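Written out below as structure tokens is the structure these notes cover.
All chains are named by letter (A, B, ...) in the order of the sequence lines, taking the proteins before the strands, and each is independently numbered beginning at 1. Keep in mind the model is a prediction, meaning the values are calculated, not measured. FYI, side chains are in, hydrogens and waters are out, and symmetry mates aren't considered; it's all heavy atoms of this structure.
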There are 2 protein chains.
Amino acid sequence: MLSMACKDAIRAMIYIVKKKSDDFISINEIAKELDLSFYFLSKILQKLVKQGLLESYRGPKGGVRLAKKPKDIKLLDIIEAIDGNAFFTECVLGFKECSDSEPCAIHSKWAKEREKIHKLFANTTLQKIEKELENKLNIKL
Amino acid sequence: MLSMACKDAIRAMIYIVKKKSDDFISINEIAKELDLSFYFLSKILQKLVKQGLLESYRGPKGGVRLAKKPKDIKLLDIIEAIDGNAFFTECVLGFKECSDSEPCAIHSKWAKEREKIHKLFANTTLQKIEKELENKLNIKL
DNA sequence: ATTATTTAAGACTTGAAAGTCTTAAATATA
DNA sequence: TATATTTAAGACTTTCAAGTCTTAAATAAT
């Protein structure tokens with residue numbers, strides 16, 4: 001469902017928010033902590049910079065940091081920045097024309113569940129995730 | 001979410017059940033009617049034969065037909081035959097260890113919605129789809 | 001100024017899914 | 001029996017995401 005790049009992007013964003021740092025965080029640090037390829041993660045985070053979710057700074061003490069408040073960054077923003085919105089708009093059976101008026105055989109039921117997932121991602125901000133991480137132990141990053 | 005192969009498999013199965021034929025239906029016919037590649041569809045349906053969802057017969061008047069009653073074939077059977085069950089078992093963020101006891105940051109919410117989709121696919125049999133197709137116009141195949 | 005450190009950009013390689021083709025095996029029919 | 005028709009199996013090619021690497025640009029610290 002989510003691409004590898006998207007999963008990595010979400011994990012990186014959670015790592016960043018969890019640090020609660022006003023300084024820039026180097027991509028190298030994030031890659032090491034999350035056991036990701038520095039090269040691959042760099043490319044992914046560049047997209048988040050371009051989408052305005054992160055801001056970056058070059059040179060020593062450079063890195064990335066959130067461009068907005070954690071309460072204003074939704075999981076959905078990250079997903080759409082990396083994977084686009086195909087999952088939330090395209091027919092589950094792949095019909096170009098599938099819609100409420102011209103549905104495929106499972107359109108209505110699928111659209112209903114898909115909308116719940118859309119809301120889940122739209123309602124889950126980095127702030128909420130951060131809060132959960134504070135309250136619970138045993139949470140994987 | 002579903003692979004191309006899986007989407008094609010579902011469409012083909014719906015086409016077959018809709019025909020209500022005791023005879024074998026040639027893959028060539030299905031491919032033409034659904035505007036799919038004969039080669040690609042052949043490979044996909046071979047998997048469904050191996051999984052026991054279809055039975056096939058070679059030679060003139062050969063083809064494929066359902067190996068079970070429409071009420072005993074679930075959408076989930078088709079999906080698992082082609083794509084496996086990764087979507088329903090793997091962590092949305094890609095953690096190997098993610099589980100109820102060792103959750104990732106969004107495990108519980110995701111697992112809840114995912115289970116609904118699992119049930120949707122498990123409850124939707126070819127018979128139910130066939131019934132809907134009879135009742136409604138404008139249903140895309 | 002020079003050097004080290006960091007992201008930016010884009011070229012390049014790899015791997016897996018998608019898609020095509022060829023040959024073999026089964027079988028109905030003439 | 002010979003032929004045409006159909007699926008089976010697997011080799012082959014294409015496409016695109018995943019992943020790697022190199023060079024450039026920015027900037028802090030010495």
Side-chain angles (χ1 to χ4, degrees), chain A residues 1-13 16 21 23-67 79 81-84 86-87 90 93-94, chain B residues 1-13 16 21 23-67 79 81-84 86-87 90 93-94:
Chain A
M1 192 240 153
L2 300 183
S3 68
M4 278 310 302
C6 191
K7 294 173 185 175
D8 293 349
I10 293 172
R11 292 180 62 203
M13 290 295 271
I16 292 166
S21 165
D23 298 338
F24 291 96
I25 305 166
S26 84
I27 296 173
N28 194 30
E29 171 189 332
I30 303 171
K32 272 183 185 149
E33 289 296 322
L34 300 186
D35 196 27
L36 301 175
S37 149
F38 165 76
Y39 294 133
F40 193 43
L41 184 61
S42 294
K43 248 182 29 171
I44 296 164
L45 296 191
Q46 273 178 43
K47 283 191 187 175
L48 297 184
V49 171
K50 280 181 185 159
Q51 288 296 317
L53 301 180
L54 289 176
E55 52 189 29
S56 62
Y57 193 80
R58 294 201 254 201
K61 307 221 168 174
V64 294
R65 69 181 177 199
L66 300 184
I79 292 168
I82 304 294
D83 284 350
F87 177 82
E90 288 178 6
L93 295 188
Chain B
M1 190 240 154
L2 301 182
S3 68
M4 276 311 300
C6 192
K7 294 173 185 175
D8 292 349
I10 292 172
R11 292 180 63 202
M13 291 294 272
I16 292 166
S21 165
D23 298 338
F24 291 97
I25 305 166
S26 84
I27 296 173
N28 194 30
E29 171 189 333
I30 304 171
K32 273 184 185 148
E33 287 296 322
L34 300 185
D35 196 27
L36 301 174
S37 147
F38 165 77
Y39 294 133
F40 193 44
L41 184 60
S42 294
K43 248 182 29 173
I44 296 165
L45 296 191
Q46 274 178 42
K47 283 192 187 174
L48 298 184
V49 170
K50 280 181 186 158
Q51 289 297 317
L53 301 181
L54 288 176
E55 51 189 29
S56 62
Y57 193 80
R58 293 200 253 201
K61 305 219 170 178
V64 294
R65 69 181 177 199
L66 299 184
I79 292 167
I82 304 294
D83 284 349
F87 176 80
E90 289 177 7
L93 296 188

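- Looking only at side-chain heavy atoms (C-beta outward), A:V64 and A:I27 come within less than 4.5 Å of each other.
- A distance-only check finds a donor-acceptor pair linking the side chain of B:R11 to the backbone of B:L34 [under 3.5 Å].
- Shown for residues 37-55 of chain A: residues whose heavy atoms fall under 4.0 angstrom of DNA chain D, namely A:S37, A:Y39, A:F40, A:K43.
- Here the C1' atom of nucleotide C:dT20 and the CE atom of B:M4 are 15 Å apart, to the nearest Å.
- Counting to the nearest Å, the P atom of C:dA17 and the CG atom of B:D83 are 10 Å from each other.
- Looking at heavy atoms from C-beta onward, B:L41 lies out of side-chain contact with B:N28 at the 4.5 angstrom threshold.
- Taking 4.5 Å as the limit, every side-chain heavy atom of A:D23 sits out of range of all side-chain heavy atoms of A:R65.
- In this model, the phosphate group of C:dA8 is approached by a side-chain N or O of A:S56 to a distance below 4.0 Å at OP1 or OP2.
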Grab the N/O contacts between the protein and nucleotides 28-30 of chain D below 3.5 Å, and write none if there aren't any.
unit_1, atom_1, unit_2, atom_2, d
D:dA28, OP1, A:Y57, OH, 2.1
D:dA29, OP1, A:K61, NZ, 3.4

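- The side-chain heavy atoms of B:K61 and B:F24, taken from C-beta on, include no pair separated by under 4.5 Å.
- To the nearest angstrom, P of D:dA8 lies 14 Å from CG of B:N28.
- Per the geometry, CZ belonging to B:F24 stands 11 Å off C1' belonging to D:dT7, to the nearest Å.
- Protein atom CZ of A:F87 is 18 Å distant from nucleotide atom P of D:dA17, rounded to whole Å.
- Protein atom CD1 of B:I16 is 13 Å distant from nucleotide atom C1' of D:dT7, rounded to whole Å.
- Remark: the backbone N or O of B:L2 is not paired with any side-chain donor or acceptor of B:D83 at under 3.5 angstrom.
- Residues A:L66 and A:L53 have side chains not in contact (no heavy-atom distance under 4.5 Å, counting atoms from C-beta outward).
- Within the 4.5 Å cutoff, the side chain of A:L54 has heavy atoms near those of the A:I16 side chain.
- Atom CD1 in B:I82 sits roughly 13 Å away from atom P in C:dA17 (whole-Å rounding).
- Scanning for side chain to side chain contact (heavy atoms under 4.5 Å, CB included) contacts around A:F40 gives A:A5, A:D8, A:S37, A:I44, with sequence neighbours left out.
- The CZ atom of B:R65 sits 16 Å away from the P atom of D:dT6 (whole-angstrom rounding).
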